[in-house]
Visitor: 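Pasting a structure here, questions to come.
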Amino acid sequence: MPELPEVETIVRALQTNVGASIKNIEIRRKDILRLEEFPTAELHGRTIKNIRRRGKFLIFELGSDLNLIFHLGMSGRFYMQAATEEPVEKHIHVIMNLNNGISLIYQDPRRFGGVWLVRDRERFFSNMGREPLSSGFTAVYLEGILKQRKAPVKNLLLNQHLISGIGNIYADESLFTAGIRPDRPAASLSRQEIKKLHRSIRKVLRQGIKLRGTTFRDYRDAFNESGGFQDYLKVYGRQNQPCQQCGKLIQRIRIAGRSTHFCTNCQR
DNA sequence: CGCTAGTCCTGTCTGC
DNA sequence: TGCAGACAGGACTAGC
């Protein structure tokens, strides 16, 4: 469920724990661990040097040689609570108790997410596409991704090896803002359209972050609170409702197995 | 190599 | 109220 703006929101809230150290870590479900070797003993006593995001991944830097990395999948949550509070909810898989009295809780009912313990962070992320809000994500880079490819443009926006962090909601919203149908073959976009799409992606993601993410169903931030961007969605989840720009009913189709929302009049 | 369909899992909502 | 079926902010993979 969480895409770039949601993970970014969580990371920013967790920053208050930088400098704290890990008293202990409780792994309640082993199958959420994505590595055969997962030496939890190495985590004890480690100081959290930094907390950051890469794409949809949440990274705890525990020194120059160790990173604890989470992916929230479709249904994952990551939140803080006082260590004195009992973790009562279902599907809590990891609890990290810090020496500042805070417990960090990782919860994921569907278990599409995962946890990694990674020494070489560069290598772990070597196959990932550029960050859409970084200076490296230019219109020229986007053009390079889209040209010569006949897959629907939306598929390519969702491909984490090409661009990191965009998911189903922000793909649909970016394409609406750009006025481009999601099922257009990528190679059919003109240079002007690519420029518009590039600007739209950045604009929509920035707005998503500013409003602290989208709570469409069950996303919650690190304080277990809802986001605000759901009130500003133009197409996602608005099938059969009138387009706010032209009044035509928003359509829902299926692209690459994902439900896809767009306006047949405003997007061409 | 590019692309699509199928798969993993639990919870929730809709319609009969 | 029960129950079946569809669907969900993701991402691998097998196979064409």
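Chain A is the first sequence line, chain B the second, and so forth, proteins listed ahead of strands; every chain is numbered from 1. Below, all heavy atoms of this structure are taken into account, side chains as well, without hydrogens, waters or symmetry copies.
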Visitor: Surrounding CZ of A:Arg206 (heavy atoms of other residues, nucleotides or ligands, distance under 6.0 Å), is the total greater than 12?
Guide: yes
Visitor: Which letter, B, S or -, goes with each nucleotide of nucleotides 5-11 of chain C from 5' to 3', with contact meaning a protein heavy atom under 4.0 Å?
Guide: ---BBBS
Visitor: Heavy-atom distance under 4.5 Å between the side chains of A:Asn127 and A:Phe125, does that happen here?
Guide: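 Not in contact.
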Visitor: Rounding to an integer number of angstrom, what distance separates B:dG6 and C:dA6 when you compare their P atoms?
Guide: 13 Å
Visitor: Any carboxylate oxygen within less than 4.0 angstrom of a Lys/Arg side-chain nitrogen, looking at A:Lys56 and A:Glu3?
Guide: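 Salt bridge absent between A:Lys56 and A:Glu3.
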Visitor: Check whether any side-chain nitrogen or oxygen of A:His91 sits under 4.0 Å from OP1 or OP2 of B:dG11, and answer yes or no.
Guide: yes
Visitor: Touch check for A:Ala256, heavy atoms < 4.0 angstrom, all strands: base, sugar-phosphate only, or nothing?
Guide: nothing
Visitor: As a check on the pairing definition, encode DNA chain C in dot-bracket form, counting Watson-Crick and G-U wobble pairs whose two distances are under 3.5 Å, and using | for partners outside this strand.
Guide: .|||||||.|||||||
Visitor: Heavy atoms under 4.0 Å, any strand shown: does A:Asn155 hit a base, just sugar-phosphate, or nothing?
Guide: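 Contact class for A:Asn155: sugar-phosphate only.
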Visitor: For C:dA11 and B:dT12, measure between their P atoms and round to the nearest Å.
Guide: 23 Å
Visitor: Salt bridge between A:Glu143 and A:Arg191, side-chain N to carboxylate O under 4.0 Å?
Guide: yes
Visitor: Expressed in angstrom and rounded to an integer, what is the separation of A:Glu89 atom CD from B:dT10 atom P?
Guide: 17 Å
Visitor: Can you tell me the distance, in whole Å, between the CZ atom of A:Arg149 and the P atom of B:dC1?
Guide: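 Rounded to the whole Å, the gap is 11 Å.
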